[in-house]
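First comes the structure, then the notes that go with it.
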Amino acid sequence: MAKMNAQEIAGALEEMAEIMEITGENPFKIRAYHNAAHVVDGLTNLDHLVADEELVKVPGIGKALAEHIAALYKKGHFPEYVQLRKSVPAGVLDMLRIPGVGPKKVKVIWKDMEITSISLLKLACERGGLAKIKGFGEKTAQKILQGIQFIQQHQDQHLYSDALAVAAPILAFLKKHPKVKRVELGGSLRRCKEVVKDIDLVASSSDAKKVMADFVKMPGVESVINHGDTKSSVIIKPGIQVDCRVVSDKEFPYALHHFTGSKEHNVALRTRAKAAGYKISEYGLFKEGKGGETLIPCKDETEFFKKLGLEYIPPEMRENMGEIEAAEKDKLPKLIELKDLTGFFHCHTTASDGKATLDEMVAGAKARGYGYIGISDHSQSAVYAGGLKPAELKKQWAEIDAINKKQKAIYVFKGTESDIHVDGALDYPDAILKNFDFVVASIHGNFNQDMKTATARVCKAISHPACRILGHPTGRLLLAREGLPLDFEQVIDCAVKHDVAIEINANPHRLDMDWRHSFYAHKKRLKIVISPDAHSVAGIDDLQYGINVARKGWWTKADVINTWPLEKVKAWLKRK
DNA sequence: GCCGTTTTCGGCCCGACTGTTTTCAGTCG
């Protein structure tokens with residue numbers, strides 16, 4: 001095995017935790033591994049932590065895990081990991097992905113029935129063998145069959161934008177339900193994660209049973225997984241699980257907070273509350289006293305946080321990335337909002353691969369109240385996307401000059417989205433590059449580079465004097481393509497040095513730069529832009545998705561160039 | 001496994017739903 005990056009190490013630790021669950025290790029040790037996997041997944045400076053032997057300083061990582069992580073980083077394996085993987089067949093581990101099947105059931109299926117793959121398990125369910133085993137029954141066998149069908153038919157992850165589109169009509173259905181008082185999205189969708197596993201809803205009602213009965217029968221329900229008096233789960237076309245929880249209206253703020261998560265945020269908040277003599281559950285915030293516990297009434301989440309001595313923490317920030325500590329000290333940043341944007345840069349027209357003309361894009365931006373728009377069609381090497389040859393550029397520049405002359409309501413910047421060649425060079429000669437108002441440099445190919453080569457390539461592009469924005473830095477496509485492996489600390493350092501902004505690409509398939517890199521970026525005072533990468537007028541509205549992840553990365557208005565007034569933007573583009 | 005403002009030992013968040021039981025374990029979030 002070769003050396004691993006942070007995400008691969010997180011996967012290995014998660015795998016170890018799962019194996020230990022099946023073999024029946026100490027549950028707290030298993031939790032430590034799960035927790036470490038989550039922590040490592042969020043680390044953006046693993047190289048330095050390993051090199052400086054500072055892993056033990058990371059909360060949740062102690063001496064043992066620090067050694068394991070360093071070993072995985074350096075050579076991709078260590079004895080306990082190899083041993084554990086040998087102890088459980090891969091097919092057995094796969095069974096954990098089946099909804100309703102956990103480690104205890106897997107152990108019985110494997111040890112007592114000697115079944116070692118999902119396909120063999122399916123056979124055993126169909127032939128009735130599984131239902132005869134102690135602790136299992138006919139209903140369990142049917143449920144497992146359904147679960148296997150589900151994971152074989154659907155990906156178990158969905159783009160945020162896709163999940164939101166499914167959630168919106170369900171939310172509307174519950175909002176107009178006569179027995180529903182309050183209802184909100186919860187879970188990772190409310191926290192604006194870039195990909196989500198399911199849709200969570202929290203509602204309040206005096207007749208939960210009736211709400212649940214109508215919920216499992218609403219339009220679009222493909223199958224019902226659970227149907228209880230206060231909690232139900234269904235599968236909605238095209239294969240997204242929707243969980244709904246109903247509580248009394250008095251309990252709503254606590255339940256909403258609980259089901260918004262993240263799990264890590266909740267655990268941290270509860271642990272903190274417990275130390276101060278409180279208890280938190282989805283039913284309330286309680287003060288523990290000698291006469292038992294007393295409920296502390298809260299009318300909404302703001303009051304709930306206030307009673308805990310905290311500022312209101314926006315859902316996007318609830319990832320246990322330091323938000324509780326910041327809220328304690330009244331140091332939470334004022335997060336950016338869509339209305340803060342004064343204009344935007346990265347978008348395309350029919351001159352390259354856009355669906356709308358230059359005039360239509362400008363009109364679309366104007367109609368949405370923006371004061372400027374930066375046109376950046378693809379550059380000449382991007383043959384796949386109709387990249388512009390120098391002669392075509394001259395034509396577009398003349399058109400833009402005409403628009404700017406004719407009206408003053410919106411200013412149009414002349415730009416390009418220049419491919420970054422495999423060696424880091426930009427795509428036009430310097431004599432042409434210097435005539436643009438701005439250059440967005442982006443990766444569109446040659447993704448199979450190692451981190452060192454890729455980082456050097458991107459840094460070279462950033463260092464070009466014409467480059468003002470690094471577009472979608474890794475080129476990833478969520479749930480579809482990994483993207484370039486980059487050392488983001490180096491890339492951010494380089495961008496700061498050359499006063500280049502890094503883009504948060506708002507296209508829901510990209511959302512690149514990833515919000516997890518923001519924390520290092522803040523330390524270095526990096527500037528960013530939030531760009532729609534619009535290929536149509538409607539694509540401009542993707543900006544909201546970019547705002548969502550920018551909020552997850554704690555970005556404020558001041559850090560984002562396209563919140564600035566036009567004159568200040570013009571000056572920055574001219575390096576004044 | 002990790003962690004520490006009564007701690008280096010003894011804790012580690014909390015509750016609903018399901019199915020197979022006959023009082024509860026397993027799973028999920």
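Predicted, not measured: the structure shown is a model, and the values here were computed from it. Just so it is clear: chains get the letters A, B, ... in the order the sequence lines come, proteins before strands, and each one is counted from 1.
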Side-chain N or O of [X] closer than 4.0 Å to phosphate OP1/OP2 of [N]:
X       : N       : answer
K29(A)  : dG1(B)  : yes
K274(A) : dC12(B) : yes
K279(A) : dG15(B) : yes
Y254(A) : dC14(B) : no
T230(A) : dC17(B) : yes
R31(A)  : dC13(B) : yes

Taking the [atom1] atom in each of [N] and [M], what is the distance between them to the nearest angstrom?
N       : M       : atom1 : value
dC12(B) : dA16(B) : C1'   : 22 Å
dG4(B)  : dC13(B) : P     : 14 Å
dG11(B) : dT18(B) : C1'   : 31 Å
dT21(B) : dG26(B) : C1'   : 13 Å
dT22(B) : dC17(B) : P     : 23 Å
dT8(B)  : dC3(B)  : C1'   : 10 Å

**Q.** Row check, F286(A) ring normal vs R270(A) NZ/CZ: under 6.0 Å, within 45°
**A.**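 No; the conditions do not both hold, so R270(A) does not lie above the ring face of F286(A).
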
Q. Looking just at side-chain N and O atoms, do H265(A) and E319(A) make a donor-acceptor pair shorter than 3.5 Å?
A.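 Side chains of H265(A) and E319(A): no pair found under 3.5 Å.
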
Scan [X] against the nucleic acid and name what it touches under 4.0 Å (heavy atoms): base, sugar-phosphate only, or nothing.
X       : result
F28(A)  : base
D243(A) : sugar-phosphate
P59(A)  : sugar-phosphate
I98(A)  : sugar-phosphate
L269(A) : nothing
I30(A)  : nothing
D229(A) : sugar-phosphate

Q. How long is the gap from CD on Q142(A) to CG on L130(A), to the nearest 0.5 Å?
A. 10.5 Å

N/O contacts under 3.5 Å, protein versus nucleotides 20-23 of chain B?
residue: dT20(B); atom: OP1; partner: G137(A); partner atom: N; Å: 2.6
residue: dT20(B); atom: OP1; partner: G137(A); partner atom: O; Å: 3.2
residue: dT20(B); atom: OP1; partner: E138(A); partner atom: N; Å: 3.4
residue: dT20(B); atom: OP1; partner: T140(A); partner atom: N; Å: 3.4
residue: dT20(B); atom: OP1; partner: T140(A); partner atom: OG1; Å: 3.1

Q: Would you confirm whether the ring centroid of H177(A) sits within less than 6.0 angstrom of the ring centroid of F215(A)?
A: no

Tell me which nucleotide among [options] gets nearest to the side chain of [X].
X       : options                   : result
K143(A) : dA16(B), dT18(B), dG29(B) : dT18(B)
D200(A) : dC13(B), dC14(B), dG29(B) : dG29(B)
Y33(A)  : dT27(B), dC13(B), dG1(B)  : dG1(B)
D198(A) : dT27(B), dG29(B), dG15(B) : dG29(B)
K104(A) : dT18(B), dG26(B), dG1(B)  : dG26(B)

Q.
Quick one, E325(A) with K329(A), criterion salt bridge (Lys or Arg N to Asp or Glu O under 4.0 Å). Give me CA distance, side-chain angles, the key distance, then yes/no.
A. CA-CA 7 Å; E325(A) 294 78 0; K329(A) 298 175 199 144; over 6 Å; no

Q) Testing R551(A), K193(A), R191(A) for side chain to side chain donor-acceptor pair (under 3.5 Å) with E316(A), which one passes? A)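 Of R551(A), K193(A), R191(A), side chain to side chain donor-acceptor pair (under 3.5 Å) with E316(A) is met by R551(A) alone.
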
Q. Picking from N505(A), D512(A), D514(A), what satisfies side chain to side chain donor-acceptor pair (under 3.5 Å) with R476(A)?
A. D514(A)

Q: Counting Watson-Crick and G-U wobble pairs only, both distances under 3.5 Å, name the nucleotide matched with dT8(B), or none.
A: none

Q: Step by step, work out the side-chain hydrogen bond (donor to acceptor under 3.5 Å, both in side chains) result for T260(A) and R190(A).
A: CA-CA 7 Å; T260(A) 297; R190(A) 183 165 183 240; 2.7 Å; yes

Q: For dT22(B), decide between syn and anti, treating a glycosidic angle within 90° of 0 as syn.
A: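 That one's anti.
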
Q: Send over the distance from L201(A) CG to dA16(B) P, rounded to a whole Å.
A: 19 Å

Q.
Over 60° means perpendicular and under 30° means parallel, so tell me whether H517(A) and F488(A) are parallel, tilted or perpendicular.
A.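 Rings of H517(A) and F488(A): parallel, as their planes differ by under 30°.
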
